[in-house]
Student: 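Sharing a structure, written as C-alpha cells. Questions coming.
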Amino acid sequence: MQATPRALRLHIGLFGRRNVGKSSLLNAITRQQVSIVSAVAGTTTDPVEKPMELLPLGPVLFVDTAGVDDEGALGALRLERTRAVLGRVDLGVVVTEAGAWGGFEDGLVAELDRRRVPVVIAVNKTDARPLPDDERDRLQQRAGALVALSALTGEGVGDLREALLRLAPADHFDSRRVVSDLVPPGGIAVLVVPIDKEAPKGRLILPQVMVIRDLLDGESLALVTQDRELARALASLSRPPALVVTDSQAFLKVAADVPPGVPMTSFSILMARFQGDLAEQVRGTLAIERLVPEDRVLIAETCTHHPIGDDIGRVKIPRWLRQYTGASLQFTHVQGRDFPADLSPYRLVVHCGNCTGNRREMLSRIHRCREAGVPITNYGLTIAYSLGIFERALVPFPSALEAYRAARA
Ligand SMILES: Nc1nc2c(ncn2[C@@H]2O[C@H](COP(=O)(O)OP(=O)(O)OP(=O)(O)O)[C@@H](O)[C@H]2O)c(=O)[nH]1
Ligand code: SF4
Ligand SMILES: [Mg+2]
C-alpha cells in the first residue's frame, strides 16, 4: 500500500473551526491515533498528513488542518497554512457541530467551490447533540453530501466513507490498467476464448475486447485461441508467454495445459481487479468454506443480458458451489440496478465482472456488503475456488495472494 506515490493518492482535507473534532474524526477513520486530540481549542497547529488505504476508495492522503476561526498573529499563521491545504485537495470535508454553522463555514465551502473541489459536510458530536431535521435540510443544500456522525462512538463514519466514494472525482477511478501492467512491452499474453453455444455469434464479449485493446495499448502481443487449440498455441511460441488469461469456465483444462511456471488467471478475475476490489473479493471468497445447507447466496450481474442455455450465473455457478460445499444452497439472482437494499438474508454475494458498469458503483456495492457483514466475491474467483485452483489463479497478483494467505491464517 505504501508503494502508491503520494501524487496518485486522492487528497482529502479536513477543515473547520477549532475543537469541532477534525483530529478525532481522522483518528476514527484510520482507527489510529494519528493526530492529537484535546479539549483545548487550537490543538492542531500544522497540517497533519496520513496516507492510507481507505475502503472502498483505495489509496488516499488525509490532511488534518488547524482550526481557523480565531484572530491574532497565531491565528493568521494557522489560517495561511490551512489555506495552502485548501489549494491542493481533491475532496474537502467541512466538519461542524449541530447549531454551529455560520459565515465561517459558508466561507470554507465557497473557497472549495471556487476550486471545484467537492465538499462533504460532516456534522460531528451527534452523540452529544443530535442534528435537528430543519438544520439537516438547510445544510444539505450547501454541499454535495451531508453526514451526521460521532467520532467518539463511530456512528456514521461508514456513511462518511460512502459519501467520499460518491463525490470523488471520476479520474480517481480511471487510472488503472486491465492487464497491460502484467505483460511487458513485447511480451506475449495468450488469451483463451472458448467458442461454445453461449458465445455470442460473430463477436467477442466486452471483457475479452477490453483485454485485447489494453494489450495493444501496452505494446504487447496477444495470441487468441480456443481452449482445445491451447496446447498447440503454446507449443508454437519460441518463448513462454508472460501471462495466460482464460474464460473462467475453461479453467481446469487450461490449468492442465499451461506449464506450472507460467502465470495464469481469468478474464473475470482481471475484471475484479479493474472494476472492483480484488483483495476484498478474494477475502470474501473464503466464505464459501462456511456455507451450510439452506444458506442464501445472491448472484448479481451488472448488465441485463438474457440468460441462455447453461448460463454461467443461473446454472453453472450454482452447480459448482453446490458440488463444492455439498450443501443445498438457495440462490437469488438480480440484474442491472436491482441490487437489494437489505443484504442481511445472504451469506454470500457472488458478483459478475461488472464489465459494463462503472467502478465507483461496484465499490459502493462492495462497501455496502462490508457494512452489512456479508462477504462478496466474483464469478471467476468463485469458479477458481470451487475447482481447487484459487492460489494458482492469484499468482499474477501478489498483494491479493498475500491477502488470501493472511485471511486463511
Ligand atoms: N462528545 C463528543 N466529543 C467529541 C467528538 N469528537 C471530538 N470530541 C471532543 O472535542 C474536543 C476537540 O476534539 P479535536 O479532535 O481535538 O478537535 P479539532 O477540530 O481537531 O480541534 P483543533 O485541532 O483545536 O482545531 C476533544 O475534547 C474531543 O474529545 C464526538 O464525536 N463526540
Ligand atoms: S456486466 Fe457482468 S454479466 Fe454483463 S457481460 Fe459484463 S461481466 Fe458479464
Ligand atoms: Mg485538531
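We count ligands from 1, going down the list as the structure has it; atoms in each ligand are counted the same way.
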Student: Report yes if Ala151 has an N/O atom closer than 3.5 Å to an N/O atom of ligand 1; otherwise report no.
Tutor: yes
Student: So does Glu229 pair up with Arg232, basic N to acidic O under 4.0 Å?
Tutor: yes
Student: Atom 1 (S) of ligand 2: which of Thr356, Ile299, Thr304, Asp311 has the nearest heavy atom?
Tutor: Thr356
Student: Does any N or O atom in Ala41 lie less than 3.5 angstrom from one in ligand 1, N or O only?
Tutor: no
Student: How far is atom 6 (Fe) of ligand 2 from the closest protein heavy atom, and which atom is that?
Tutor: Cys355 SG, 2.3 Å
Student: Answer yes or no: does an N/O atom from Ser23 fall short of 3.5 Å to an N/O atom of ligand 1?
Tutor: yes
Student: The test is side-chain hydrogen bond (donor to acceptor under 3.5 Å, both in side chains); show your working for Asn124 and Ser24 and say whether it passes.
Tutor: CA-CA 10 Å; Asn124 189 30; Ser24 304; 5.7 Å; no
Student: Would you say Ala128 and ligand 1 have an N/O pair spaced under 3.5 Å apart?
Tutor: no
Student: With backbone taken as N, CA, C and O and side chain as the heavy atoms from C-beta onward, which portion of Asn124 lies under 4.0 Å from ligand 1: side chain, backbone, both, or neither?
Tutor: side chain
Student: What I'd like to find out is whether the side chain of Gln249 reaches to under 4.5 Å of the side chain of Pro194, using heavy atoms alone.
Tutor: no
Student: Counting from 1, what ligand 1 atoms have a heavy atom of Asp127 closer than 4.0 Å?
Tutor: 1 (N), 2 (C), 30 (C), 31 (O), 32 (N)
Student: Which ligand 1 atoms are under 4.0 Å away from a heavy-atom of Ser38?
Tutor: 11 (C), 12 (C), 13 (O), 16 (O), 26 (C), 27 (O)
Student: Identify whether the distance between the nearest side-chain nitrogen and carboxylate oxygen of Asp227 and Lys253 falls below 4.0 Å.
Tutor: no
Student: Between Asn354 and ligand 2, find which residue part has any heavy-atom pair under 4.0 Å and reply side chain, backbone, both or neither.
Tutor: backbone
Student: Who's closest to atom 8 (N) of ligand 1 heavy-atom-wise, of Lys125, Glu97, Arg17?
Tutor: Lys125
Student: Give yes if a backbone or side-chain nitrogen or oxygen of Ser150 is under 3.5 Å from a nitrogen or oxygen of ligand 1, and no if not.
Tutor: yes
Student: As an exercise, identify every atom of ligand 1 less than 4.0 angstrom from a heavy atom of Val20.
Tutor: 19 (O)
Student: Can you tell me if an N/O/S atom from Cys352 lies under 2.8 Å from atom 6 (Fe) of ligand 2?
Tutor: no
